[in-house]
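Heavy atoms only: backbone and side chains are in, while hydrogens, waters and symmetry mates are out. We number each residue from 1, following the sequence as shown. This one's a predicted model, so the numbers in the text were calculated from it and none came from an experiment.
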Amino acid sequence: QVQLVESGGGSVQAGGSLRLSCAASGDTYSRHCMGWFHQAPGKEREGVAAIYTGGGNTYYADSVKGRFTVSQDNAKNTVYLQMNSLKPEDTGMYYCAADPRRCGSTWLWEYRYDYWGQGTQVTVSS
């Protein structure tokens with residue numbers, strides 16, 4: 001079992017930055033695919049980024065490449081999502097998720113993830 005707790009959400013103006021954190025506890029989260037997902041109001045949840053904690057490989061959706069950076073701190077069992085140049089369309093809930101396998105090309109598929117956090121709200125105003 002892995003428990004995940006997100007934090008760091010908030011309200012910013014367009015062009016601003018936020019850093020989200022996802023703290024993992026319980027079973028070791030090493031060698032997990034840790035994904036970040038975004039759910040805009042009234043829309044389905046979509047993958048935005050992922051990192052494989054066993055090797056540091058990172059993955060990004062086209063919509064966030066060059067703006068978001070996913071990273072890890074294994075000493076703290078925490079993964080981060082640094083979000084820069086935020087846009088109003090980035091508004092919504094952000095969730096982290098854990099899957100005890102490598103990420104690979106299916107990292108965007110929310111159904112493969114076994115554990116989810118409760119989410120943190122991000123609001124970007126124009």
* To do: Kindly compute the distance separating CD (Gln1) from CG (Asp114), expressed to the nearest 0.5 Å.
  => 9.5 Å
Between [X] and [Y], which heavy-atom pair has the shortest distance, and what is it?
| X | Y | result |
| --- | --- | --- |
| Val124 | Val122 | CG2-CG1, 4.0 Å |
| His38 | Thr91 | NE2-O, 2.7 Å |
| Gln3 | Gly26 | OE1-CA, 3.5 Å |
| Thr78 | Lys76 | OG1-O, 2.8 Å |
| Tyr94 | Leu81 | CD2-CD2, 4.3 Å |
| Val70 | Tyr60 | N-OH, 2.9 Å |

Throw together a table of side-chain donor-acceptor distances under 3.5 angstrom for residues 9-17, partners on residues two or more places apart or in other chains.
{"from": "Ser17", "atom 1": "OG", "to": "Asn84", "atom 2": "OD1", "distance (Å)": "2.9"}

* Asked: For residues 82-126, which residue pairs qualify under disulfide (SG to SG under 2.5 Å), counting only residues two or more places apart or in two chains?
  -> Cys22-Cys96, Cys33-Cys103
* Side chain of Glu6, backbone of Thr120: donor and acceptor closer than 3.5 Å? -> no
* Asked: Do the side chain of Thr53 and the main chain of His32 share a donor and acceptor less than 3.5 angstrom apart?
  -> yes
* Carefully, step by step, assess Gln118 and Val5 under the rule side-chain contact (heavy atoms from CB on, under 4.5 Å). => CA-CA 7 Å; Gln118 82 290 348; Val5 178; 4.2 Å; yes
Give me the other members of the hydrophobic cluster that [X] sits in, counting Ile, Leu, Val, Met, Phe, Trp and Tyr linked by side-chain heavy atoms under 4.5 Å, directly or via other members.
| X | value |
| --- | --- |
| Tyr113 | Phe37, Tyr59, Met93, Tyr95, Trp107, Leu108, Trp109, Trp116 |
| Tyr111 | none |
| Tyr80 | none |

* Which residues satisfy the side-chain hydrogen bond (donor to acceptor under 3.5 Å, both in side chains) test with Gln121, sequence neighbours excluded? -> Thr123
* To do: List for me each residue that meets side-chain hydrogen bond (donor to acceptor under 3.5 Å, both in side chains) alongside Lys65, sequence neighbours excluded, and say none if there are none.
  => Asp62
* Quick one: salt bridge (Lys or Arg N to Asp or Glu O under 4.0 Å) pairs with a partner in residues 33-53, sequence neighbours left out? -> Arg45-Glu110
* **Any residue meeting salt bridge (Lys or Arg N to Asp or Glu O under 4.0 Å) with Arg67, in chain and number order, not counting sequence neighbours** => Asp90
* With sequence neighbours excluded, residues passing salt bridge (Lys or Arg N to Asp or Glu O under 4.0 Å) with Arg112 -> Asp99
* Check whether any side-chain heavy atom of Tyr52 lies under 4.5 Å from a side-chain heavy atom of Met34, and answer yes or no. => no
* With side chains defined as the heavy atoms from C-beta onward, is the minimum distance between Ile51 and Asn57 less than 4.5 Å? -> no
